[in-house]
Every structure is written in structure tokens, then in C-alpha cells.
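One structure is given below, encoded as C-alpha cells.
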Amino acid sequence: MIKNDSLLRHAVFFKFKEGTTAEQIKKVEDAFSALPSKIEQIKGYEWGLNNSPEGLNKGFTHAFFLTFKSEEDRAIYLPHPDHKAFGAILTPYLDDVFVLDYWTK
């Protein structure tokens, strides 16, 4: 499905294992941030740290948003070798992940 009037967002949220060091988290941040230069189907990328005062983040600290133009582009990204390599870097430190994809309105 291609929607000319909207974009496909891939929102990913990480909760790191207790005891994960700042250096290990930086390694994950850098590896994720390198993906747009390696996977041409990623049309937009941004990320940030939780700073909500509400305390409802359930331990999730990192939010990443990737933009794709089509579901086909996302389908290339998901099994892409560079995405899989990132997963290998992330997995030892990951306590939980939440992913939500949506078409912008």
C-alpha cells in the first residue's frame, strides 16, 4: 500500500536491562543512528530520551521514529542484514521493546 498523502512511521521504544551502562546504551544509540546511512528505504529518522514528568513510561527510556514511504520499503528494512546486525548489538541489553507502526494523518 502506497499512500501519497501520508508517511509510514515505525515507532520503536526501548527499556534497557537494569545494570546496562551508559557506554553500552551509547553503543546501541550509535548503532541505531547509523541505520539510515546503510538502508536507503529509511526516509526519515529521529530519536530522543523520555523526559515526561508523568512517570507513565513503564521503564521505557528511548524512542526512535523511522519513516518509510511504503509498506514495501518497511518490508525491505525489517529483514535487512544491517537491521539484523543492529539487533545483535541491542539484544544483550534489551529488557523490553514496544513497536507501533502507523500511517500519518
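Model, not experiment: these values are computed from the prediction.
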Are [X] and [Y] connected in the hydrophobic side-chain network, where two residues link if heavy atoms are under 4.5 Å apart?
X	Y	answer
Leu100	Val97	no
Trp103	Tyr45	yes
Tyr77	Phe64	yes
Trp47	Phe32	yes
Leu78	Leu35	yes

Hey, what do you get for [atom1] ([X]) to [atom2] ([Y]), rounding to the nearest 0.5 Å?
X	Y	atom1	atom2	result
Glu46	Leu66	CD	CG	9.5 Å
His10	Ile42	NE2	CD1	8.5 Å
His83	Ile39	NE2	CD1	7.0 Å

Would you mind writing out the side-chain donor-acceptor pairs for residues 85-95 within the sub-3.5 Å range, not counting sequence neighbours?
residue, atom, partner, partner atom, Å
Thr91, OG1, Gly87, O, 2.6
Asp95, OD2, Lys15, NZ, 3.4

Verdict with reasoning, Ile25 to His62, per side-chain contact (heavy atoms from CB on, under 4.5 Å): CA-CA 10 Å; Ile25 291 172; His62 286 65; 3.5 Å; yes
Check: Leu7 and Lys43 side chains under 4.5 Å, non-hydrogen atoms: no
With Thr61 via side chain to side chain contact (heavy atoms under 4.5 Å, CB included) - residues at least two apart: Phe16
Those residues that, when tested against Ala63, pass side chain to side chain contact (heavy atoms under 4.5 Å, CB included) (two or more places apart): Phe13, Phe65
Donor-acceptor contact below 3.5 Å, side chain Lys58 vs main chain Gly55: no
side-chain hydrogen bond (donor to acceptor under 3.5 Å, both in side chains) partners for [X], two or more places apart:
X	value
Asn51	none
Thr67	Arg9
Lys84	none

Full working for side-chain contact (heavy atoms from CB on, under 4.5 Å) between Phe60 and Asn50: CA-CA 8 Å; Phe60 288 85; Asn50 176 56; over 6 Å; no
Trace of the side-chain contact (heavy atoms from CB on, under 4.5 Å) decision for Leu49 with Glu29: CA-CA 11 Å; Leu49 299 175; Glu29 293 167 352; 4.1 Å; yes
